[in-house]
Chemist: 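Pasting a structure here, questions to come.
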Amino acid sequence: MSSIHILSPQLANQIAAGEVVERPASVLKELVENSLDAGAKRIDIDIEQGGTKLIKIRDDGQGIPEAELALALSRHATSKIDNLEDLEAVATLGFRGEALASIASVSRLSLTSNAGDSSGWKAVSEGRDMEVELQPAAHPQGTSVEVRDLFFNTPARRKFLRTEATEYNRIDDSIKKLALSRMDIAFSLRHNQRAQINLRPAQTLLEQEKRVADICGPAFMQQALYVDNDRTGIRLWGWMGLPTFSRSQADLQHFFVNGRCIRDKVVSHAIRQAYQDVLHHGRHPAYILFLEIEPADVDVNVHPTKHEVRFRDSRSIHGFVYGTLNKALSQDRPQDHLQAGETAAGQMSGQQWEPNQSSIQFPAPGSQRQSSLNYPLFSGPSHGSVNVPMDAYQSLYATEMPEEQDDIPPMGFAIAQLKGIYILAENAQGLIIVDMHAAHERITYERMKTAFDDQGLVSQPLLVPESLSVSEREAEAADKSLEIFSQLGFVVERAAAESIIVREIPAILRGSEVEGLLRDVISDLLMHGTSERIRQHINEILSTMACHGSVRANRKLTVPEMNALLRDMEATERSGQCNHGRPTWSQLTLDELDKLFLRGR
């Protein structure tokens, strides 16, 4: 080994570039974030050959004075923080002062800016000796950055780049995330002299929905819930896809914290838990969510690429995200979408967009959403092959459609049963088709959960207490969470430094594999500070009981029974999906029926 020495500025910048500049898309992200921090209202992007030949970004921000242009290309030079207190409450996207210097060290970079002076100035760096040349240049207020021949002086890095199409797709994905993060900014993107993206500023909710539809597709917006919930110092808003719009991959999941797109285990876990009761196994939810929080409550200085953050109180964030999304899903009813459909038939026509999703409003604490109808209570699951009797349903509604449209319930009135599987109903919009087993399964399941919660968890002492060998860290976590275990129906004691004893378990878990469940719960407590595994396991048992206790296919129902089932769907939480995530109903409007038979042509 050679003697200890200080690295040259160029080599130090190229090492830093290895963390910050992975490919053209990461260059674009850093430069656009600088434009956003500069207060730009419009950002124009021009790229050639997937960004390897040229990346040009022009904004109308505040600009850089002549005296600071050369300094802007120096390492660890920034205008965004001054002291340690600023670092502990970062309110900008960039703050490290590495991006421009790192990019300049592996490319031919020119920086042209006008900070409101009579003329602009240009700084040029060729990536060799890192010397910066200054010269006058005509430029309106704002800044333009040109990055040419990326990795021209580091051939080994250039070999790792993919094809032009692949690199462009990464840039396209990056700019779309940035456009979602700041909807008030206009964006344009050109690739090889051809326009690809042109987004106008979106100020109103309708304009924001139009931008989301342009970026993520109109199908997402047509099957999304708008959520907006806030409490002191924190707000969560955005769009969450309905369970029936689940994906085979996690490719439509965008979560922003103070305008920064991030990946966080705590947030991902909370969202998965909110959806776990309504999704097929292996399916992924779609969402575009924005978390606004005090900058001092989140640490963004975790990773050089700034893709990860660390929350000061991760347990509180987990509970807030889970509670918001879970309540939104539970309050979603079929009539919400039917009513939205009345005013948004044919929402996407050319460039016109009208919203077609429900807006979930969060009531003040203590208030409850009450139904004005009374329904027969579920008396418990069936035994053996005997189905739950439908005789309890009464003839609450007429079987003929009333003349007044206002008197028609959202799910309409039953008119027939098809093949002993589907209920056909007529409502104000057209034809409703209901999978009667799936619908009754969800109704039964929700009633069982409500009854179970009302009665509380009944604990059952174990004849022989069960001892678990755990690590000292796990034993300490269990010892600190005795109150949580007690709320879940467990009586747990710490027996030794690396051992705990289970004395009581919830009666409903009798016969279950308790040891593995408890180990998973302790693991969750260590990672997230909370756990829903026990509740999930109980719900799985109730779901199985509800499935066996629901009306089966080929069961002939009377019209009053079918109508009562429709009314129950209107009053039941999450009734749009069965316990396994399948849709329970579908609507065919009169216009759609007319198209099937070519009426009006």
Chemist: Take atom CZ of R312 as the centre, draw a 6.0 Å sphere, and report whether it contains more than 12 heavy atoms from other residues, nucleotides or ligands.
Modeler: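 More than 12 heavy atoms, drawn from other residues, nucleotides or ligands, come within 6.0 Å of this atom.
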Chemist: Determine, step by step, whether I262 and L291 satisfy the side-chain contact (heavy atoms from CB on, under 4.5 Å) criterion, reporting the C-alpha distance in whole Å, the side-chain angles of both residues, the deciding distance to 0.1 Å, and the verdict.
Modeler: CA-CA 11 Å; I262 61 104; L291 182 68; over 6 Å; no
Chemist: Is D184 paired with R182 through a side-chain N to carboxylate O contact shorter than 4.0 Å?
Modeler: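 Salt bridge present between R182 and D184.
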Chemist: Kindly compute the distance separating CG (L566) from CD (E561), expressed to the nearest 0.5 Å.
Modeler: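 If we round to the nearest 0.5 Å, L566:CG and E561:CD are 12.0 Å apart.
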Chemist: Could you pull out the closest heavy-atom pair between S575 and T584, with the gap in Å?
Modeler: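 Smallest interatomic distance, heavy atoms only, reads O-OG1, 2.5 Å.
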Chemist: Under 6.0 Å from the CZ atom of R473, do we count more than 12 heavy atoms belonging to anything else shown?
Modeler: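 Check fails, neighbour count at 12 or below.
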Chemist: Measure the shortest side-chain to side-chain distance between D435 and C578 over non-hydrogen atoms and say whether it is less than 4.5 angstrom.
Modeler: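 The answer is no, as the side chains (C-beta and beyond) never meet within the 4.5 Å cut-off.
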Chemist: Going by the rule salt bridge (charged side-chain N to carboxylate O under 4.0 Å, His left out), which residues pair with E167 if we only count those two or more places apart in sequence or in a different chain?
Modeler: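 For E167 the salt bridge (charged side-chain N to carboxylate O under 4.0 Å, His left out) partners, ignoring immediate neighbours, are R23.
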Chemist: What are the two closest heavy atoms between P583 and A438, and how far apart are they?
Modeler: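 So the minimum-distance heavy-atom pair works out to O-CB, 4.5 Å.
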Chemist: Are D297 and F311 packed together at the side-chain level, in the sense that at least one heavy-atom pair is separated by less than 4.5 angstrom?
Modeler: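 In short, these two side chains do not touch, never coming nearer than 4.5 Å.
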Chemist: Do the side-chain N and O atoms of R574 and N326 include a donor-acceptor pair separated by under 3.5 angstrom?
Modeler: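 Judged by distance alone, the side chains do pair up.
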Chemist: For the CG atom of D313 and the NE2 atom of H318, what is their distance to the nearest 0.5 Å?
Modeler: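 So the gap between those two atoms works out to 12.0 Å.
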Chemist: Just by modelled atom types, is the A414 backbone N or O under 3.5 Å from a matching donor or acceptor in the E426 side chain?
Modeler: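 Judged by distance alone, no pair lies under 3.5 Å.
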Chemist: Is the side chain of R442 donor-acceptor paired with the backbone N or O of Q577 at a distance under 3.5 Å, no angle test?
Modeler: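 Flag set: sc R442 to bb Q577 pair under 3.5 Å.
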Chemist: Can you give me the closest heavy-atom contact between S248 and H284, atom names plus distance?
Modeler: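 What the structure gives for the nearest pair is O-CD2, 3.4 Å.
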Chemist: Is there a side-chain contact between L180 and V212 in this structure, where contact means two heavy atoms from C-beta onward sitting under 4.5 Å apart?
Modeler: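 Answer yes - side chains close enough.
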Chemist: Quick check with a 6.0 Å cut-off and a 45 degree axis cone: is R272 positioned over the face of Y322's six-membered ring?
Modeler: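 No - R272 does not lie over the ring of Y322 by the 6.0 Å and 45° rule.
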Chemist: So, S330 side chain and K327 main chain: donor-acceptor pair closer than 3.5 Å or not?
Modeler: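 Here the side-chain-to-backbone pair exists.
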Chemist: Under 3.5 Å, side chain of R283 to main-chain N/O of S246, donor-acceptor pair present?
Modeler: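 Answer holds: yes.
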Chemist: Is there side-chain contact between Q429 and L590, with at least one heavy-atom pair below 4.5 Å?
Modeler: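 Of all side-chain heavy-atom pairs linking L590 with Q429, none is under 4.5 Å.
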Chemist: Any side-chain heavy atom of T444 sitting closer than 4.5 Å to one from N579?
Modeler: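 In short, these two side chains do not touch, never coming nearer than 4.5 Å.
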Chemist: Does the distance from a Lys or Arg side-chain N to an Asp or Glu carboxylate O, for D214 and K210, drop under 4.0 Å?
Modeler: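 Yes, this pair counts.
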Chemist: Are any of the side-chain nitrogens in K449 or E446 under 4.0 Å away from the carboxylate oxygens of its partner?
Modeler: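 Looking at E446 together with K449, the answer is yes, because their closest N to O distance falls below 4.0 Å.
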Chemist: Hey, does I433 have a side-chain heavy atom less than 4.5 Å from the side chain of L424?
Modeler: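 The answer is yes, as the side chains (C-beta and beyond) meet within the 4.5 Å cut-off.
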Chemist: Has the side chain of R200 got a donor or acceptor atom that lies under 3.5 Å from a matching backbone atom of R211?
Modeler: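 Not at all, since once roles are kept as given, no pair shorter than 3.5 Å links the two residues.
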Chemist: State the CD1-CD distance between I288 and Q253, to the nearest 0.5 angstrom.
Modeler: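 If I round to the nearest 0.5 Å, the distance is 11.0 Å.
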Chemist: Are more than 12 heavy atoms from other residues, nucleotides or ligands located less than 6.0 Å from atom CD of E483?
Modeler: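 12 or below, so no.
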Chemist: Taking N169 for its side chain and A165 for its backbone only, find out whether a donor-acceptor pair lies under 3.5 Å.
Modeler: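 Indeed, once roles are kept as given, a pair shorter than 3.5 Å links the two residues.
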Chemist: Working to the nearest 0.5 Å, report the span between CG of L178 and CD of E33.
Modeler: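 The CG atom of L178 sits 6.0 Å away from the CD atom of E33.
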Chemist: Is any side-chain heavy atom of E570 closer than 4.5 Å to a side-chain heavy atom of T572?
Modeler: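 The answer is no; the side chains never approach within 4.5 Å.
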Chemist: If you apply the rule side-chain contact (heavy atoms from CB on, under 4.5 Å), what do you find for D172 with I197, and how did you get there?
Modeler: CA-CA 9 Å; D172 182 70; I197 293 176; 3.5 Å; yes
Chemist: I need the I423 CD1 to I415 CD1 distance, nearest 0.5 Å.
Modeler: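 Result: 11.5 Å between the selected atoms.
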Chemist: Of the non-hydrogen atoms in M411 and N427, which two are nearest, and what is the gap between them?
Modeler: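 In terms of heavy atoms, the two residues are closest at C-CB, 4.1 Å.
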Chemist: Report yes if the side chains of I443 and L565 come closer than 4.5 Å at any heavy-atom pair, otherwise no.
Modeler: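 They are in side-chain contact.
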Chemist: Might you work through the side-chain contact (heavy atoms from CB on, under 4.5 Å) test for I317 and I293, ending with a clear yes or no?
Modeler: CA-CA 10 Å; I317 296 297; I293 188 174; 3.6 Å; yes
Chemist: Quick one, V470 with R519, criterion side-chain contact (heavy atoms from CB on, under 4.5 Å). Give me CA distance, side-chain angles, the key distance, then yes/no.
Modeler: CA-CA 8 Å; V470 296; R519 291 187 185 279; 3.6 Å; yes
Chemist: Identify the two heavy atoms, one from P24 and one from I171, that lie closest to each other, and give their separation to 0.1 Å.
Modeler: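 Heavy atoms only, the tightest pair is CB-CD1, 3.9 Å.
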Chemist: Using 30° and 60° as the class boundaries, would you call the ring planes of F290 and W237 parallel, tilted or perpendicular?
Modeler: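 Rings of F290 and W237: parallel, as their planes differ by under 30°.
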Chemist: Taking NZ, NE, NH1 and NH2 as the nitrogens, is one of them in R235 or D228 under 4.0 Å from a carboxylate oxygen of the other?
Modeler: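 Judged by the 4.0 Å cut-off on N to carboxylate O distance, R235 and D228 do form a salt bridge.
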Chemist: Using only atom types and a distance under 3.5 Å, with no angle test, would you say the side chain of Q417 pairs donor to acceptor with the backbone of R555?
Modeler: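 Confirmed, Q417 side chain pairs with R555 backbone.
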Chemist: Can you tell me how far the NE2 atom of H307 sits from the CZ atom of R260, to the nearest 0.5 Å?
Modeler: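 H307 atom NE2 to R260 atom CZ measures 10.0 Å (nearest 0.5 Å).
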Chemist: So does K265 get a backbone contact from the side chain of S268, meaning a donor-acceptor N/O pair under 3.5 Å?
Modeler: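 Not confirmed, S268 side chain does not pair with K265 backbone.
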Chemist: Could you pull out the closest heavy-atom pair between T163 and T166, with the gap in Å?
Modeler: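 Minimum heavy-atom separation between T163 and T166: OG1-OG1, 3.0 Å.
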Chemist: List the steps and the verdict of salt bridge (Lys or Arg N to Asp or Glu O under 4.0 Å) for K595 and D591.
Modeler: CA-CA 6 Å; K595 289 179 182 178; D591 288 341; over 6 Å; no
Chemist: P285 pairs by side chain to side chain contact (heavy atoms under 4.5 Å, CB included) with which of V278, I271, L325?
Modeler: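 Result: among V278, I271, L325, I271 is the only option passing the side chain to side chain contact (heavy atoms under 4.5 Å, CB included) with P285.
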Chemist: For H191 and Y168, take the angle between the two ring planes, folded into 0 to 90°, and tell me which bin it lands in: parallel under 30, tilted 30 to 60, perpendicular over 60.
Modeler: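 Geometry flag for Y168 against H191: parallel rings.
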